[in-house]
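Written below as structure tokens is the structure these notes are about.
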Protein chains: 2
Amino acid sequence: MAEDQLSRAFTALADPTRRDIVARLSLGDATPGQLAEPFAMSLQAVSKHLKVLEEAGLISRSREAQRRPCHLETAVLDEMTAWVDRYRRTAEERFRRLDAVLASMDEDESTEDEDPQHEGVASP
Amino acid sequence: MAEDQLSRAFTALADPTRRDIVARLSLGDATPGQLAEPFAMSLQAVSKHLKVLEEAGLISRSREAQRRPCHLETAVLDEMTAWVDRYRRTAEERFRRLDAVLASMDEDESTEDEDPQHEGVASP
DNA sequence: GGCTTTCTCAACCGATTGGTTGACAACAAC
DNA sequence: GTTGTTGTCAACCAATCGGTTGAGAAAGCC
């Protein structure tokens, strides 16, 4: 996934209004007018939010007379969780290994010359 | 999770520099100086990025003489994937149900008075 | 004490963001 | 054709963002 598309996706979901819109669209397609209805802001403002979501690839829009129904696209959501999960798992895997080291040091209490707490700080 | 904390978390990961920092920290704790080294920007700029990450709850910082080693916290990453996954799954579940409807209509080709494409657009 | 290292804070700057209002395009209904 | 509905575009505005430089706090080293 392109670097800046991931940035656009995270930027898009950084706004509570846009997250509300995504939540609404997860239940089914909706027009800008329907999406704007619950918010205390102009239709133009919601239209701008939809543009941000569309440019992030999170929604697509079709035509239907004057209406422009919006549809949630799940592919980019997948790529977002993939990114977040990758580094979360790397970190948690490291924590588990650290715990294992500490446990083995607990078993064998003779060696105390290393400090596993800072294994990541030390220079290569 | 508080609404604005989720906003802070997505905002934090919306910046490529901050995502790089998170990726680096997933491999192990590091000081601001170590984190700034690969970037073509001032240490002060990186320090600002770290503040954003800290306020989002994505990292924590300890003390160690003049050094302030940074540590990746995975809890907020968990909440981010939880949010994204919730709506992705809701949408995909709906798509699967829609496919099932279309398949059953394919079997029984006599009823054509309903248009499942717009099930979400209609008013409640 | 003085000097160096490491890092944060404060002030500033141009670009972007999230909202507004007004104009207007596209289409339906009469 | 005229009117009404739906939505976008353009211009504007205050606030925020991501960077800069300069000053200084906090700790170790001589």
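The chains referred to below are lettered A, B, ... by the order of the sequence lines, with proteins before strands, and numbering in each begins at 1.
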*Considering only side-chain heavy atoms of B:Arg67, which listed nucleotide, D:dT8, C:dC7, D:dT20, is closest?*
C:dC7

*Would you indicate which nucleotide in D:dG19, C:dT20, D:dT8 comes nearest to any side-chain atom of B:Lys48?*
D:dG19

*Between A:Thr31 and A:Pro69, is there a donor-acceptor pair closer than 3.5 Å when you use the side chain of the first and the backbone of the second?*
no

*So does B:Ser47 get a side-chain nitrogen or oxygen closer than 4.0 Å to the phosphate oxygens (OP1/OP2) of C:dC7?*
no

_Separation of D:dG19 C1' from B:Ile21 CD1 (nearest whole Å)_ = 14 Å

*Using whole Å, report how far CG of A:Leu53 lies from C1' of D:dG7.*
16 Å

_Option passing side-chain contact (heavy atoms from CB on, under 4.5 Å) with B:Leu53 (candidates B:Leu25, B:Leu58, B:Asp15)_ = B:Leu58

*asked:* Check this one for me: any side-chain N or O of B:Thr31 less than 4.0 Å away from OP1 or OP2 of C:dC7?
replied: yes

*asked:* Between P on D:dC9 and CG on A:Leu43, what's the gap in Å once rounded to a whole number?
replied: 12 Å

*asked:* I want to verify a distance call: between D:dT20, C:dG19, C:dC7, whose nearest atom is closest to the B:Met41 side chain?
replied: D:dT20

*Cluster link B:Phe10 to B:Val22, ILVMFWY, side chain under 4.5 Å*: yes

*Take atom NE2 of B:His49 and atom P of C:dT8, then tell me their distance rounded to the nearest Å.*
13 Å

_Length of the CD1-P vector between B:Ile59 and C:dC7, whole Å_ = 12 Å

*Heavy-atom closest pair, residues A:Gly57 and A:Glu73*: O-CB, 3.6 Å

Nucleotide N/O to protein N/O under 3.5 Å, stretch nucleotides 22-26 of chain C:
residue : atom : partner : partner atom : Å
C:dG22  : O6   : A:Gln44 : NE2          : 2.8

*Does B:Arg18 reach the main-chain N or O of B:Thr11 with its side chain, forming a donor-acceptor pair under 3.5 Å?*
yes

*Take atom CZ of A:Arg8 and atom C1' of C:dT16, then tell me their distance rounded to the nearest Å.*
15 Å

_On the nucleotide D:dG7, are OP1 or OP2 found under 4.0 Å from the side-chain N or O atoms that A:Arg61 carries?_
no

_Counterpart residues, ring-ring contact (aromatic ring centres under 6.0 Å, His included), relative to A:Phe39 (two or more places apart)_ = none

*So, B:Ser26 versus A:Arg86: side-chain donor-acceptor pair below 3.5 Å or not?*
no

*Mind calculating the distance between CZ (A:Arg68) and C1' (C:dC27) to the nearest angstrom?*
13 Å

*Calculate the interatomic distance between A:Glu55 atom CD and C:dG18 atom P; express it in whole Å.*
12 Å

_5' precedence on DNA chain C between A:Asp15 and B:Lys51 (nearest-nucleotide basis)_ = B:Lys51

